[in-house]
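Nothing here was measured: the structure is a model prediction, and the numbers come from that model. Order of the sequence lines sets the chain letters (A, B, ...), proteins ahead of strands, with each chain counted from 1. When reading the values below, keep in mind they use all heavy atoms of this one structure, side chains included, and skip hydrogens, waters and symmetry mates.
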Protein chains: 2
Amino acid sequence: MTDLRLPAAPRPADTGPPADTGLPADPPRPAVPVERVALRPTPPTRSPRVTEIIGAARRLLEDEGVGSLTMRRLGEVLGIRAPSLYKHLPGKHAVEAALVETALWEAGDALHRVVDGAGPGDVVGRLLAEYRRYALAHPNLYRLTAVDPLGREGLTAGLEDWSGEPFYRATGEPYAAQALWAAAHGAVVLELANRFLPGSDLDRTWAALAAAFTAH
Amino acid sequence: MTDLRLPAAPRPADTGPPADTGLPADPPRPAVPVERVALRPTPPTRSPRVTEIIGAARRLLEDEGVGSLTMRRLGEVLGIRAPSLYKHLPGKHAVEAALVETALWEAGDALHRVVDGAGPGDVVGRLLAEYRRYALAHPNLYRLTAVDPLGREGLTAGLEDWSGEPFYRATGEPYAAQALWAAAHGAVVLELANRFLPGSDLDRTWAALAAAFTAH
DNA sequence: GTTGTTGGCTAACAACGTTAGCCAACGAGG
DNA sequence: CCTCGTTGGCTAACGTTGTTAGCCAACAAC
């Protein structure tokens, strides 16, 4: 979040209705009340078949867990054999990368929406609540983003900047933003992994987190 | 950290010099300046051979990464074949669990030492610094503790309570403790995974984290 | 009508965790 | 001294994983 790269050039206007790629379409951009430092990148274009495959992979992951996300099983739900997948994707890492992208797009949109919603009140609290809500609604998807060192090469340029930007918009300071993001991430990871001691009232833990970043 | 179970009974006195199990021995216990809620459990006893195996596994993990921690490779560095490992351990999960234990013991000792060191100054800051230091000094070991839902069954009873207790001792409030722990964990995980944008001055991020939990 | 591309297929490989079954060494008891 | 049970090695093998090689039908383009 340092080195939040300033927008270099305005995005090119959309040229006609784009194909449905399974990724969130560009939402209407409201007049922004807060300083903006990252523009929403343009989602990558995918062939229809690849979109199908990633969609199936997502369903597989969310419904049956990461253990069921194998190339053979993925082929099975698509009615083809595993090696045929390699006609469309270079390997399993590409499937995972696409799923990580999906999560970043969706979470980014949700978080920006929170910051856009101009309520003057506790922005940090609402941001944390939404972060938690998304992660808990898609635990397997979120976990996938948390594991590996995030092969950045495959990721859409600027996606990370943009999806993390709501934390900057909520705190107004890049390092506080990184700290808040880290705290939210850690809390989600621990909650998803059931690492908090049984009996904990996690709502209160999250409240304590929000308090730390709002008080003073 | 809620449900931090109060110490039920004093630990039994040590009966003679214990065998070296590869786990940290019980340290001398100083007079505690802060309220204590969890006693240091007694490390499990391991056969000498198992201790060798876990030691080799740790070296393998730390030196060559998690991808090299396979049963065949582990046997290789021990001069035996993979199936022979099953004469000593029920499976790979047991190796990983033992390594997670090791990390919890070591980190717990280090963190307690920080809180014990009676400096009246910024306890939270020093605690975070030590947490970060340990994790960065043993990235692969730490990552191992961060991945899976932590098969709690195999873990020494009370280990988690005790290893997390320094956060309670530093904050004085269980939910603030959980929040602080989550924040530290998240920051470490993101730093280890190289998820912060390149160019970030991570010292400042950690400073922001400490500030959030000290100011107010 | 030929030709090139697209997208399926089977067969196979190496590496993984793990199980089954065999056997040498060795300590204890009679 | 002999026997017997245990300990801790071994090989062979199984099922599963990601992945590659090579074959071939359908189809669009020239």
Side-chain angles (χ1 to χ4, degrees), chain A residues 19-22 44-61 63-100 140 143-144 147-151 153-154, chain B residues 19-22 44-61 63-100 140 143-144 147-151 153-154:
Chain A
D20 181 9
T21 60
T45 61
R46 292 174 183 161
S47 84
R49 191 55 166 150
V50 168
T51 302
E52 274 183 316
I53 294 174
I54 301 304
R58 182 193 183 148
R59 257 168 277 134
L60 204 49
L61 174 67
D63 295 348
E64 307 184 18
V66 68
S68 294
L69 188 58
T70 68
M71 297 301 270
R72 285 175 174 82
R73 184 95 183 78
L74 179 54
E76 191 181 324
V77 307
L78 286 161
I80 65 178
R81 300 304 175 89
S84 303
L85 294 168
Y86 290 80
K87 298 289 178 163
H88 305 278
L89 296 158
K92 195 189 180 185
H93 69 276
V95 178
E96 295 168 337
L99 292 177
V100 169
N140 290 309
R143 255 192 223 103
L144 203 65
V147 286
D148 47 39
L150 190 50
E153 56 284 0
Chain B
D20 182 8
T21 59
T45 60
R46 292 175 183 160
S47 85
R49 192 53 167 151
V50 168
T51 303
E52 275 183 315
I53 294 174
I54 301 304
R58 181 193 184 147
R59 258 168 276 133
L60 203 49
L61 174 67
D63 295 348
E64 307 184 19
V66 68
S68 294
L69 187 59
T70 69
M71 297 302 269
R72 285 175 174 83
R73 184 97 182 76
L74 179 56
E76 192 182 323
V77 307
L78 286 161
I80 63 178
R81 300 306 176 87
S84 302
L85 293 169
Y86 290 79
K87 299 288 178 162
H88 306 277
L89 297 159
K92 194 189 182 188
H93 70 276
V95 178
E96 295 168 337
L99 293 177
V100 168
N140 290 308
R143 254 190 225 105
L144 203 64
V147 284
D148 44 40
L150 190 50
E153 56 286 0

Colleague: Quick one: label A:Leu69 by what it contacts on the DNA or RNA (base, sugar-phosphate, nothing), any heavy atom closer than 4.0 Å.
Modeller: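 Touches sugar-phosphate only.
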
Colleague: Go along nucleotides 5-15 of chain C 5' to 3' and tag each nucleotide: B for a protein heavy atom under 4.0 Å from its base, S when only backbone or sugar atoms are that close, - otherwise.
Modeller: --BBBBBB---

Colleague: Say you draw a straight line from CE of A:Met71 to CG of A:Leu89; how long is it, rounded to the nearest 0.5 Å?
Modeller: 6.5 Å

Colleague: Return the value, rounded to whole Å, for the distance between atom NZ of A:Lys92 and atom C1' of D:dT19.
Modeller: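 Answer to the nearest Å: 12 Å.
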
Colleague: Taking C-beta and beyond as the side chain, do B:Glu96 and B:Val66 meet within less than 4.5 Å on heavy atoms?
Modeller: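 No, every pair of side-chain atoms sits at 4.5 Å or beyond.
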
Colleague: Kindly compute the distance separating CG (A:Leu99) from CG (A:Asn140), expressed to the nearest 0.5 Å.
Modeller: 11.0 Å

Colleague: Taking the side chain as C-beta and beyond, is there a heavy-atom pair between B:Val95 and B:Leu85 under 4.5 Å?
Modeller: no

Colleague: When the distance from OH of B:Tyr86 to P of C:dG17 is rounded to whole Å, what number comes out?
Modeller: 7 Å

Colleague: Any side-chain heavy atom of B:Glu64 sitting closer than 4.5 Å to one from B:Arg73?
Modeller: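 Yes; the side chains approach each other to less than 4.5 Å.
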
